[in-house]
Amino acid sequence: MRIVELSRETRQNILNDLLKRSPNHYSEYESTVNEILENVRKNGDSALFAYTQKFDRFDLNAENIRVDRREIDAAYGKLDDKLVEVIRRSAENIRDYHQKQLRSSWFDTRDDGSLLGMKYTPIARAGVYVPGGKAAYPSSVLMNVIPAKVAGVKEILMTTPPGADGCVNPGTLVAADIAGVDTIYKAGGAQAVAAMAFGTESVPKVDKLTGPGNIFVALAKKAVYGYVGIDSVAGPSEILVLADESANPRYVAADLLSQAEHDELASAILITTSRELAEKVSEQVGIFTAQLSRREIIQKSLDNYGYILVAENMQDAVDAANEIASEHLEILTENPYEIMAQIRNAGAIFLGPCSSEPLGDYFAGPNHILPTNGTAKFFSPLNVDDFMKKTSIISYSRAALEKVHRDIELFAESEGLTAHAHSIKVRFEEQAQPQNP
């Protein structure tokens, strides 16, 4: 990996480089995606089936679009029993973690007869998109579905592309069954996003749509936002490791490569105060890459978006980490908790040498659907709140309103909204009448 001295200039150059990976920079695909969305919106099932034939080589129709119980049962038989048990245990960890995020409606009453509050209501129907083929990740099924189940969403449906034989990845089916998906549809790509966003004869319209996908899926989600809610427009995966001279170079190298193998656009960055560690990590990266099955993808990722930055001090390293706002941030220093307190922007933080990033991907419990491309500055991991609606509650007695009605009228009139003022005044018009002598 290239080793670069950290400076204001190099930090800005890297930030500019990383932002080029955002789906916002792939406008050349937008017209294709918009055409697919509009076709499915207008023509429903017929367009959805035609695109599935074109892209997935499967003759989809109203009779075979839903995955039935026999297919799910058969999927269990295709997986190792030990793997099924691991998926179950992972699901329990994710469920336990997200249970702690639940919030209750609240109401605040006052002596003057006023009541204010917040009512929490789960959305009615959620849709989850799950990639197929080599990009099928059962762990992402759990991460999308379980927070919705914990929130109390009544109906959860899932779309995932079929193979040419009409079969769906068995790991995806088993994870969906364990997580509690109600209906699974054999559809993928931008056309599946359109089906969930607008509804077709076979696929009902959802209220919120979540889940990862390729650039076409990401752009489709961006385009349908407003028709439905979405989690985010996710970019390629990324990891940033903050380390000092105490870090184990083999651990650091292995953790950087755990994200570089995702995608040629994935980003892996080490920021360290130790030149010696930087050189040892670079050496280990080369050794490990030659041994790994996805070495071609890893090498392209590192060539394009892999950096080892040597900082003059830890404060400069922390400042750079906050500016980059990485999806995954590992802190491998002598005092990781002290450094963690200075981190403002990160999707997930992993502390210490035994908290490798894949722990969060698969098993610990926190959600691995995280903000990317610097959006950790204003976005959060997928969580239970993403599947809840919040409704404000307001109730005033006449006595409570009487004390403030002139304030409200003045405010409304200052904005030129006389009907607003009148709707308050009319409740006290008898007080404004002149008294008879």
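Just so we're clear, the structure is a prediction, and the values are computed from it rather than from any experiment.
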Please tell me if the side chains of [X] and [Y] come closer than 4.5 Å, counting only heavy atoms from C-beta onward.
{"X": "Pro161", "Y": "Tyr129", "value": "yes"}
{"X": "Met196", "Y": "Val203", "value": "yes"}
{"X": "Thr210", "Y": "Phe387", "value": "yes"}
{"X": "Pro147", "Y": "Asn367", "value": "yes"}
{"X": "Lys186", "Y": "Thr52", "value": "no"}
{"X": "Val193", "Y": "Phe216", "value": "no"}
{"X": "Tyr185", "Y": "Arg66", "value": "yes"}
{"X": "Glu71", "Y": "Val168", "value": "no"}

Nearest heavy-atom neighbours spanning [X] and [Y]:
{"X": "Ile349", "Y": "Ala346", "answer": "CG1-CB, 3.9 Å"}
{"X": "Met158", "Y": "Val141", "answer": "SD-CG1, 4.1 Å"}
{"X": "Ala266", "Y": "Pro236", "answer": "N-CB, 4.1 Å"}
{"X": "Tyr305", "Y": "Ser267", "answer": "O-OG, 3.4 Å"}
{"X": "Thr272", "Y": "Ala278", "answer": "CG2-CB, 4.0 Å"}
{"X": "Pro204", "Y": "Leu157", "answer": "CG-CD2, 3.5 Å"}

Open item on the list: Pair Val181, Val128 - check side-chain contact (heavy atoms from CB on, under 4.5 Å), show working.
Closed with: CA-CA 9 Å; Val181 173; Val128 177; over 6 Å; no

Please check: side-chain N/O of [X] versus main-chain N/O of [Y], any donor-acceptor pairing under 3.5 Å?
{"X": "Gln101", "Y": "Val384", "result": "yes"}
{"X": "Asn144", "Y": "Pro212", "result": "no"}
{"X": "Glu238", "Y": "Asn373", "result": "yes"}
{"X": "Thr375", "Y": "Thr372", "result": "yes"}
{"X": "Glu264", "Y": "Lys300", "result": "no"}
{"X": "Thr160", "Y": "Val130", "result": "yes"}
{"X": "Asp108", "Y": "Leu116", "result": "no"}
{"X": "Lys154", "Y": "Arg125", "result": "no"}
{"X": "Ser90", "Y": "Ile87", "result": "no"}
{"X": "Arg344", "Y": "Ala325", "result": "no"}

- [ ] Could you check whether the rings of His328 and Phe350 sit parallel, tilted or perpendicular, using 30° and 60° as the cut-offs?
- [x] tilted

TODO: Would you sort out whether Tyr362 and Val86 count as a side-chain contact (heavy atoms from CB on, under 4.5 Å), showing the intermediate values?
DONE: CA-CA 9 Å; Tyr362 293 108; Val86 167; over 6 Å; no

Task: Result of checking Val241, Ile14, Ile239 against Ile269 for side-chain contact (heavy atoms from CB on, under 4.5 Å) - done: Ile14

Open item on the list: Test side-chain contact (heavy atoms from CB on, under 4.5 Å) on His368 and Ser140; report intermediate values, then the result.
Closed with: CA-CA 8 Å; His368 78 200; Ser140 285; 2.9 Å; yes

For [X], I'd like to know if atom [atom1] has over 12 heavy atoms of other residues, nucleotides or ligands within 6.0 Å.
{"X": "Glu279", "atom1": "CD", "answer": "yes"}
{"X": "Gln315", "atom1": "CD", "answer": "yes"}
{"X": "Gln291", "atom1": "CD", "answer": "yes"}
{"X": "Tyr120", "atom1": "OH", "answer": "yes"}
{"X": "Lys390", "atom1": "NZ", "answer": "yes"}
{"X": "Tyr227", "atom1": "OH", "answer": "no"}
{"X": "Phe378", "atom1": "CZ", "answer": "yes"}
{"X": "Lys280", "atom1": "NZ", "answer": "no"}

No-hydrogen, no-angle side-chain donor-acceptor test under 3.5 Å, [X] and [Y]:
{"X": "Ser237", "Y": "Glu327", "result": "yes"}
{"X": "Thr273", "Y": "Asp244", "result": "no"}
{"X": "Thr121", "Y": "Lys119", "result": "yes"}
{"X": "Asn39", "Y": "Tyr51", "result": "yes"}

Task: Candidates Arg95, Arg88, Arg89 - the one meeting salt bridge (Lys or Arg N to Asp or Glu O under 4.0 Å) with Glu92 - done: Arg95

How many angstroms lie between [atom1] in [X] and [atom2] in [Y], if you round to the nearest 0.5 Å?
{"X": "Asn34", "Y": "Leu219", "atom1": "CG", "atom2": "CG", "result": "8.5 Å"}
{"X": "Leu370", "Y": "Leu329", "atom1": "CG", "atom2": "CG", "result": "11.5 Å"}
{"X": "Ile287", "Y": "Ser282", "atom1": "CD1", "atom2": "OG", "result": "10.0 Å"}
{"X": "Ile308", "Y": "Ile271", "atom1": "CD1", "atom2": "CD1", "result": "11.5 Å"}
{"X": "Arg110", "Y": "Tyr396", "atom1": "CZ", "atom2": "OH", "result": "5.5 Å"}
{"X": "Thr159", "Y": "Gln191", "atom1": "OG1", "atom2": "CD", "result": "9.0 Å"}

Got a salt bridge between [X] and [Y], using NZ or NE/NH1/NH2 to carboxylate O under 4.0 Å?
{"X": "Asp316", "Y": "Arg11", "answer": "no"}
{"X": "Arg8", "Y": "Asp319", "answer": "no"}
{"X": "Arg70", "Y": "Asp68", "answer": "yes"}
{"X": "Arg41", "Y": "Glu38", "answer": "yes"}
{"X": "Arg275", "Y": "Glu5", "answer": "yes"}

Task: Candidate pair Tyr76 and Asp177, rule side chain to side chain donor-acceptor pair (under 3.5 Å), full reasoning - done: CA-CA 10 Å; Tyr76 278 92; Asp177 189 52; 2.6 Å; yes

Open item on the list: With side-chain contact (heavy atoms from CB on, under 4.5 Å) as the criterion, how do Asn64 and Phe58 come out once you've worked through the C-alpha distance, each side chain's angles and the decisive distance to 0.1 Å?
Closed with: CA-CA 10 Å; Asn64 63 18; Phe58 177 62; 3.5 Å; yes

